[in-house]
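In listed order, ligands and their atoms are each counted from 1.
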Amino acid sequence: MGPPSPELVRVADKAAMARTGADLLLARIAENAGRIAICLTGGSSPKQLYELLATQAYRDRIPWPRVHWFIGDERFVPAGDALHNMTMARHAFLDACAPAANIHPIPTDTGSPERSANAYARELITFYGADQLDPARPLFDVVLLGIGPDGHVASLFPGYPAVEVRDRWVVGVDQAHVAPFVPRVSLTLPALASCRTMLFEVAGADKQPILTRVLAGEDLPANRARSTHETTFLIDAAAWPETAADRSPPGLPHALIVMGVSSSGKSTVGQALGRRLGWRFEDGDSFHPPANVAKMSAGQPLTDADRWPWLQAIADEIARCRAQGEPIIIACSALKKAYRKILVGDCGNVRLVYLEGDRELIGDRMGHRKGHFMPTGLLDSQFATLEPPGVDEHPVTVSVDAPVETIVDDILQQLHIGQDRPDCERNGS
Ligand SMILES: O=C(O)[C@H](O)[C@@H](O)[C@H](O)[C@H](O)COP(=O)(O)O
């Protein structure tokens, strides 16, 4: 049986992709109490993610002495050159945050791509401690990848011999048929596959054509690169192929669950949505038993045992409304997939509306909220628990960094529900 098929995660835009990627990277780093190896990628897609890692909100959560940084491919140009991938990563965050000894560039001063490939292979083998990759002991914790306009990954171009190499970890590529037209050095598919998580970043309308071909199953390097464990595609709305967009269940939903971390605007957006649709709105927090409210007000995070009765009470309300043919909108954090399974059940017409937001923005909002029982100190706990909904949950994902009515427009558009805007003033988000 081959590696598991990739999970497609839709994000609102490039900024949301960077945040989601950085959050997933930190989650994988947090799972490893030992030495960690991250394989970076080049190109433009990962730059925002790299820059996020240097910000206080992320930098303070990375155990820098234990993390080693590699690169999946390199342009055969001198370090410091504008085309040099590891130079871009150094400028974005590595030089400011990582110990120099933990940064492992591909050498490009060896005289030839092949010599560089052999030198890097030796370095990887020394780091790994063996010259045969064991699927049970991946070389990397995370491998980051982009997809080129021709469907290449790293510097493995369609039709090139390097794509077929199975008995080497790194190869030289004498010429590239896409820009930049310089020789390359690239990890091979087996080396890239040796990871706990392979994370693709694909954003922008210019990527929609190639992504449509990839998701249609065309034999391209982007379809051959898969982790031996888990592979995730982060795709923004602009790159999202039409074919994948409409895999949502047909028909009007009879319940909408507005989800997200505390202070992401669930109640505000849920109420505005209710006004626009003429549906009843309920705040999911009102279904918490008093013991839960007391715990949260005292700054104690809830356990799953605390949450089950709360989630079941919401699911019961949804079922009651369905039985009466009354549509409803409920605001509920629903941070974990297991929680959402209780709320959605096996009914296709309960839809998730995911309010995706920057940790900094939401932190600021929480700081300004009065009379809400979730102390800001628990925001870290909320983000650590958050599992963004996967494509199999058919979420409607919207960025919270917009006015409320704009967010509602976006939600209704994704649900294919046309509604005239009320002549209300534009609310701040
Ligand atoms: O050296 C490189 O150019 C990259 O490693 C390459 O594989 C990149 O990931 C894709 O070409 C996508 O590039 P963008 O992210 O710029 O679209």
Side-chain angles (χ1 to χ4, degrees), residues 6 11 13-15 17-18 20-22 25 38-52 69-92 94 104-108 113 116-117 120 140 142-160 162-163 170-189 191-193 195 198-214 220-226 231-236 238-241:
V11 292
D13 52 28
K14 292 185 179 180
M17 185 170 74
T20 306
L25 186 67
I38 307 295
C39 185
L40 302 173
T41 187
S44 57
S45 301
K47 196 160 185 289
Q48 277 194 10
L49 188 162
Y50 295 168
E51 289 166 348
L52 264 186
W69 306 89
F70 298 85
I71 190 86
D73 73 308
E74 193 53 271
R75 288 74 176 273
F76 196 68
V77 294
D81 185 296
L83 292 178
H84 195 263
N85 288 332
M86 190 57 112
T87 297
M88 182 269 281
R90 280 182 181 277
H91 291 169
L94 286 176
H104 305 269
I106 294 176
T108 54
S116 294
Y120 206 52
F140 299 113
V142 179
V143 165
L144 293 176
L145 289 174
I147 300 181
D150 58 345
H152 78 259
V153 294
S155 287
L156 303 174
F157 301 109
Y160 276 50
V163 177
V170 193
V171 291
V173 179
D174 289 334
Q175 61 179 14
H177 70 165
V178 293
F181 299 97
V182 295
R184 311 290 186 91
V185 184
S186 181
L187 267 62
T188 58
L189 289 176
L192 293 169
C195 60
M198 182 176 279
L199 182 60
F200 283 85
E201 284 194 288
V202 191
D206 61 316
K207 288 293 169 71
Q208 192 182 59
I210 189 60
L211 191 59
T212 302
R213 291 171 55 193
V214 169
L220 294 164
N223 264 333
R224 299 212 192 169
R226 291 290 182 270
T231 302
T232 299
F233 280 63
L234 295 183
I235 305 167
D236 80 344
W240 192 264

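- Judged by distance alone, with hydrogens and angles left aside, the side-chain atoms of Gln208 form a donor-acceptor pair with the main-chain N or O of Trp240 at under 3.5 Å.
- Checked against a 3.5 angstrom limit, the closest N/O atoms of Ser155 and ligand 1 fall outside it.
- With hydrogens and angles disregarded, no donor-acceptor distance shorter than 3.5 Å links the side chain of Thr108 to the backbone of Phe76.
- The backbone N or O of Ser155 sits nowhere less than 3.5 Å from a side-chain atom of Tyr160 that would complete a donor-acceptor pair.
- Using a distance-only test at 3.5 Å, with no hydrogens or angles considered, no donor-acceptor pair links the side chain of Tyr50 to the main chain of Leu94.
- Those atoms of ligand 1 with a heavy atom of Asn85 less than 4.0 angstrom away are 1 (O), 2 (C).
- Only the side chain of Lys207 comes within contact range of ligand 1, with a heavy atom under 4.0 Å; no backbone atom does.
- Each of the following atoms of ligand 1 lies closer than 4.0 Å to a heavy atom of Asp73: 1 (O), 2 (C), 4 (C), 5 (O).
- Side chain of Ser45 to backbone of Val202: no donor-acceptor contact under 3.5 angstrom is found.
- Contact atoms of ligand 1 toward Thr41: 5 (O), 9 (O) (distance under 4.0 Å to a heavy atom of the residue).
- Shortest contact from atom 12 (C) of ligand 1 to any protein heavy atom: Ile147 O, 3.5 Å.
- At least one donor-acceptor pair closer than 3.5 Å links the side chain of Glu74 to the backbone N or O of Asn85.
- With a 4.0 Å cut-off on non-hydrogen atoms, Ala154 touches ligand 1 through its backbone and not its side chain.
- Heavy-atom contacts of Arg75 reach the following atoms of ligand 1: 1 (O), 2 (C), 3 (O) (cutoff under 4.0 Å).
- A donor-acceptor pair under 3.5 Å links the side-chain atoms of Asp236 to the main chain of Gly204, judged by distance alone.
- Residue Glu74 does not touch ligand 1, judged by heavy-atom distances below 4.0 Å.
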